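Data first, discussion second: the structure below is written as structure tokens.
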Amino acid sequence: MERIRINELVIDKPAKIAGCIDILRNTKYMVFVILKDLTGVIQVSIDKGTQPTLTEEILKATPGSFISVWGVEKENPHVKLGGKEFIPSKIVVESVANELPVDANSFIDQRIDYRWVDLRTDKNTLIFEVQTLLVNKMREYLLQKDFLEIHTPKIIGAASESGSEVFELKYFDKKAYLAQSPQFYKQMAMAAGFDRIFETGPVFRAEKSYSNKHTTEFTGFDVEFSYIDNMYDVMHLEEELLTYALKAVKEKYGNKIKELYGKEVVVPTCPFPVMKLPDVYKELEKRYGMKFPDAVKGDLVTEAERKVEDLSKEMFNSEFLFITDYDASQRAFYHMRDKNGVPQGYDLIWRGCEITTGAQREHRYEILKKQAEEKGLGKDVEFYLEFFKYGVPPHGGFGLGVDRLTMLLLGITIKEAMFIFRGPQRLNP
RNA sequence: GGGCCAGUGGUGUAGCGGUUAACAUGUCACUCUGUCACAGUGAAGAUCGAGAGUUCGAUUCUCUUCUGGCCCGCCA
């Protein structure tokens, strides 16, 4: 008999179910097993008097053990767990668990050590159900617009942007690096005339960042497309994409997220508000009495970034805010600049955290080369500059942090939001 | 990389220059006419992160080290 999931059970219809024991109550005449699978929980009730064989088998098990149960679901109004119970005719204890080393109260670091046990809870599996939907809806949105999905190398021969924040590795008798971003390859695809592309895949950063939003390996969702007029075209695509995905998440998981994480999923409205960075500082100082030294104002410092959540809600009733007009010194050399030298790029802040950097790219070889040289990037980017010698259309794009998106959606930290977190001190499991 | 803080049974905490190292929860056993956060009784379980020092005596004080947390920086 094929195993079905608990939410597929039908009253009085014989079935096989299987899962993990949540609670095992052994009373004088009855054994009650709260069995859990990904879709729900059901009480399995064993009568010790009439089912001695099943009793013997089930008492080999412990909470956390995996079992298979054949039997029938019956209605029983006395059962507080949904008014239903499962009357077994056969039980197999598949795998017995030791006493579990973590519970919901354990610290996240301890929980990561035993992540496979930790992830068994509804609350934690929801993270990945939500992320699956989120990413697939973003993918779906782009596919509807005829984007190509590409897969770029993660082992690369030249440090991609600055050279300081990449992991070095041995590649036979040569040095290689782990890709810190698919940036150059995305643009290569533009040079190839691919027109519109996206990629979702791992990104590696050799930064010793200790915060609850940084990790050394994460999943990026990168988009690049051609024939744009300006960075606003890029922003427009991104806001549509996010709205589309968040709408789907709210419909399917909005209630469950509210229940388990206490977070409301707010579907944004387009267009998202846009502010120039100097105006953001001006408003923060004016409205909240904050003070920032001029020296930091070319970039968005953490304190300001957090407060942008309030600012954006207050000024625009929006959780999202696009910020433009960063100082050229703070931005990548490949961002196009206007005639005043202002980078034509933006960051997207959601709930007080940066989730995206996007830009119109500089596609004119001479200017691009000059901007690279200004940043002291000569040989490092030779391979990249080559693309632009043979014609590249005007284009732009952005990179979105999938793990940050998940984290912010649920109001948790990056360690909790990732299947397995990787940090400067965390290489296992 | 800089600043501050923490590490005590499986888990989460209390405590303190001399204690039988306390509590909750979990685990195990027995008891309990269907439980449902079951209940009751009992048991096991901690060389108090590691190393060195001060002291008659250190889990407690000092130093070193490891690990973690928070804040800053770096960014997605």
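Note that the coordinates shown come from a computational prediction; the quantities given were computed from them, not determined experimentally. So that the names make sense, note that chain A is the first sequence line, chain B the second, and so on, each numbered from 1.
Both stacking criteria are satisfied for A/F32 over the base of B/U35: a centre-to-centre distance under 5.5 angstrom and an angle between ring planes under 30 degrees.
Across all strands shown, B/U33 forms no Watson-Crick or G-U wobble pair with both key distances under 3.5 Å. When both distances must be under 3.5 Å, the Watson-Crick or G-U wobble mate of B/C48 does not exist. In this structure, B/G1 and B/C72 make a Watson-Crick or G-U wobble pair, each of the two defining distances being under 3.5 angstrom. Using the Watson-Crick or G-U wobble rule with both distances under 3.5 Å, B/G17 pairs with nothing in any strand shown. Across all strands shown, B/G26 has no partner, as no Watson-Crick or G-U wobble contact with both distances under 3.5 Å is found. Using N1 to N3 plus N6-O4 or O6-N4 for Watson-Crick, or N1-O2 and O6-N3 for G-U wobble, each under 3.5 Å, B/U67 pairs with B/A6.
Residue contacts shown for A/V301 are limited to sugar-phosphate atoms, with no base heavy atom under 4.0 Å away. Residue contacts shown for A/T27 include a base, since a base heavy atom lies under 4.0 Å away. At the heavy-atom level, A/Q43 lies under 4.0 Å from base atoms of the strands shown. Residue contacts for A/E217: at a heavy-atom cut-off of 4.0 Å it reaches no nucleic acid atom on any strand shown. Contacts of A/N76 with the nucleic acid, taken as non-hydrogen atoms under 4.0 Å apart, include base atoms. Here A/N26 lies in heavy-atom contact (under 4.0 Å) with a base. Across all strands, A/Y210 comes closer than 4.0 Å to base atoms (heavy-atom distances). Across all strands shown, A/I355 has heavy atoms under 4.0 Å from sugar-phosphate atoms exclusively, and none from any base.
Interface remark: the A/Q330 side chain does not form any donor-acceptor pair with the B/C75 base, using a distance-only criterion of under 3.5 Å. For A/E85 against B/G34, a side-chain-to-base donor-acceptor contact under 3.5 Å is present.
Residue A/Y334 is tested with A/Q371, A/H363, A/R361, A/E362 for a side-chain contact (heavy atoms from CB on, under 4.5 Å); the sole match is A/R361.
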Problem set entry | Annotated protein contacts, base or backbone, on nucleotides 22-28 of chain B with a non-hydrogen cut-off under 4.0 Å, one of B, S, - each | ----BSS
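Side-chain nitrogen and oxygen atoms of A/S45 include none within less than 4.0 Å of the OP1 or OP2 phosphate oxygen of B/U35. OP1 or OP2 of B/A76 sits under 4.0 Å from a side-chain N or O of A/T357.
Comparing atom distances between the A/N212 side chain and each of B/G68, B/G12, B/C70 picks out B/C70 as nearest. When each of B/C74, B/C71, B/A76 is scored by its nearest atom to the side-chain atoms of A/R306, the top-ranked nucleotide is B/C71. Side chain of A/K28, nearest nucleotide from B/G1, B/C32, B/C75: B/C32.
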Exercise. Can you list the steps and then say if A/T216 with A/E207 is a side chain to side chain donor-acceptor pair (under 3.5 Å)?
Worked result: CA-CA 7 Å; A/T216 51; A/E207 286 157 357; over 6 Å; no
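The gap from the P atom of B/G15 to that of B/G7 amounts to 10 Å, rounded to the nearest Å. Going from the P atom of B/U54 to that of B/U62 covers 15 Å, rounded to whole Å. When the C1' atom is used for both B/U33 and B/C48, the distance is 46 Å, rounded to whole Å.
A cation-pi geometry, defined here as NZ or CZ lying under 6.0 Å from the six-membered ring centre and within 45° of its normal, holds between A/K307 and A/Y288.
A/F387 has its ring centre less than 6.0 Å from the ring centre of A/F383.
Within 6.0 Å of the CZ atom in A/F128, the count of heavy atoms belonging to other residues, nucleotides or ligands exceeds 12.
Side-chain atoms of A/D325 do not come within 3.5 Å of backbone N or O of A/V342 as any donor-acceptor pair.
Between A/Y384 and A/F184, the ring planes lie parallel to each other; the angle is under 30°, not in the 30° to 60° tilted range. The aromatic rings of A/F198 and A/F221 sit parallel, their planes meeting at an angle under 30°, below the 60° perpendicular limit. Taking the six-membered ring where tryptophan is involved, the planes of A/Y281 and A/F292 are perpendicular, since the angle between them exceeds 60° and thus also 30°.
Position along RNA chain B of the nearest nucleotide to A/K80 versus A/D347 favours A/K80 as the more 5'-ward residue.
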